[in-house]
There are 2 protein chains.
Amino acid sequence: MKPDNHLETSECRAISQMLSRVGDKWTVMVVTFLGNETLRFSELRRRIGGISQKMLTTTLRNLERDGFVNRTVEPTSPPSVSYELTALGHELLEPVSRLADWTRDNSHRIEEARSHYDRLTSK
Amino acid sequence: MKPDNHLETSECRAISQMLSRVGDKWTVMVVTFLGNETLRFSELRRRIGGISQKMLTTTLRNLERDGFVNRTVEPTSPPSVSYELTALGHELLEPVSRLADWTRDNSHRIEEARSHYDRLTSK
DNA sequence: CCGTATCCCCGCAGATACTG
DNA sequence: CAGTATCTGCGGGGATACGG
């Protein structure tokens, strides 16, 4: 962040919303698995592991609504539904992966701060 | 994101946690207001506006625990407590502001996608 | 195979009242 | 001034069952 300005209050809210939007329990994982290939619903679910059908549906619907994911239905029987990232979805991954890099590089500093804090406050 | 790799499952979780960690209701706003100056509790509260005492305390405690904020108590009467960003806190702002830039630049595309989606599904 | 409907639990967040 | 304690409502997210 530039030293001599800070975000406007309304922009802060927009950023918080985007962070929590993308930071919900499954979105990053779904977007990551769709990052390089188109996947069907059940294949996606199998790869993620541990996600309920309901939450995968919800997560994909929200991503579709925001224009991050495309949903394609093959009207076969039984139906086959596949998902892929849109251009916008790919673009979103860039700033998110920057934050991912930062998190990977600095998680040990956060861990240290936490254990230091906990040591001081627990006794 | 690089084309031929994706984040590991465990890393996805770490990123989701960081996103929701920073994406909670007040963190971005608090960090932003502390971005350029040290502030006392009540001054910070006054500037943010609309935050309860409890939530400001909680948000600051979490930031302190993670090493993003320093808390300094002047043992006067009544007490004076001031907060400032640590080096780690300032560094965190960099990738966050990248995402902020992206959000500002692309929010209209998301809005369009949403209204398009809602138009199709509401009828 | 893909999705929806229901029920339920739990933790975030606000309101309010009270202390050093 | 700067907290803590308590109560409450709301929404995310899981389990389960059912439908096209």
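We name chains A, B, ... by the order of the sequence lines, and we start the count at 1 in each one.
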- Give B:Arg45 one of three labels, base, sugar-phosphate or nothing, depending on what nucleic acid heavy atoms sit under 4.0 Å from its own. nothing
- Item | Atom-to-atom span, CE of B:Met55 to C1' of C:dG14 - whole angstrom | 9 Å
- Query: In terms of the nearest nucleotide of DNA chain C, which residue is placed more toward the 5' end: A:Pro78 or B:Ser52?
  - Reply: A:Pro78
- Query: OP1 or OP2 of D:dA2 less than 4.0 angstrom from a side-chain nitrogen or oxygen of B:Arg40, does that happen here?
  - Reply: yes
- Message: Output the rounded distance in Å from CG (B:Leu56) to P (D:dG3).
- Response: 8 Å
- Carboxylate-amine/guanidinium proximity below 4.0 Å for A:Arg98 and A:Asp101: no
- Look at the side-chain N and O atoms of A:Tyr83 and state whether any lies under 4.0 Å from the OP1 or OP2 oxygen of C:dC2. no
- Just compare D:dG14, D:dA17, D:dA2 and give me whichever is closest to any side-chain atom of B:Phe41. D:dA2
- Once you round it to whole Å, what is the distance between C1' of D:dC1 and CD of B:Gln53? 9 Å
- Query: Are B:Glu111 and B:Arg114 within salt-bridge range, i.e. N to O under 4.0 Å?
  - Reply: yes
- Query: How long is the line joining CD of B:Glu64 and P of D:dA2, in whole Å?
  - Reply: 15 Å
- Query: With side chains defined as the heavy atoms from C-beta onward, is the minimum distance between B:Asp66 and B:Arg21 less than 4.5 Å?
  - Reply: yes
- Query: Which of these nucleotides, C:dC2, D:dA2, C:dT4, is closest to any side-chain atom of B:Val81?
  - Reply: D:dA2
- Counting heavy atoms from C-beta on, name the nucleotide in C:dC1, D:dG13, C:dT4 closest to the side chain of A:Ser42. C:dC1
- Message: Output the rounded distance in Å from CG (B:Asn62) to C1' (C:dA13).
- Response: 13 Å
- Query: Is the distance from OP1 or OP2 of C:dG3 to the nearest side-chain N or O of A:Arg71 less than 4.0 Å?
  - Reply: yes
- Message: If you assign each of A:Pro79 and A:Trp26 to its closest nucleotide in DNA chain D, which residue comes earlier from the 5' end?
- Response: A:Trp26
- Is a donor-acceptor pair below 3.5 Å formed from side chain A:Lys54 to base D:dG14, judging by atom type as modelled? yes
- Query: B:Arg21 CZ to C:dG11 C1': how many Å, rounded?
  - Reply: 16 Å
- Item | Options C:dT4, D:dT4, D:dG13, nucleotide nearest the side-chain atoms of B:Thr57 | D:dT4
- Query: Does a side-chain heavy-atom distance below 4.5 Å link B:Leu93 with B:Leu85?
  - Reply: yes
- Query: Is the shortest side-chain N to carboxylate O distance from B:Arg46 to B:Glu43 below 4.0 Å?
  - Reply: yes
- Query: To the nearest angstrom, how far is B:Ile51 atom CD1 from C:dC12 atom P?
  - Reply: 15 Å
- Value in whole Å for how far the C1' atom of C:dA5 lies from CZ of A:Arg61: 14 Å
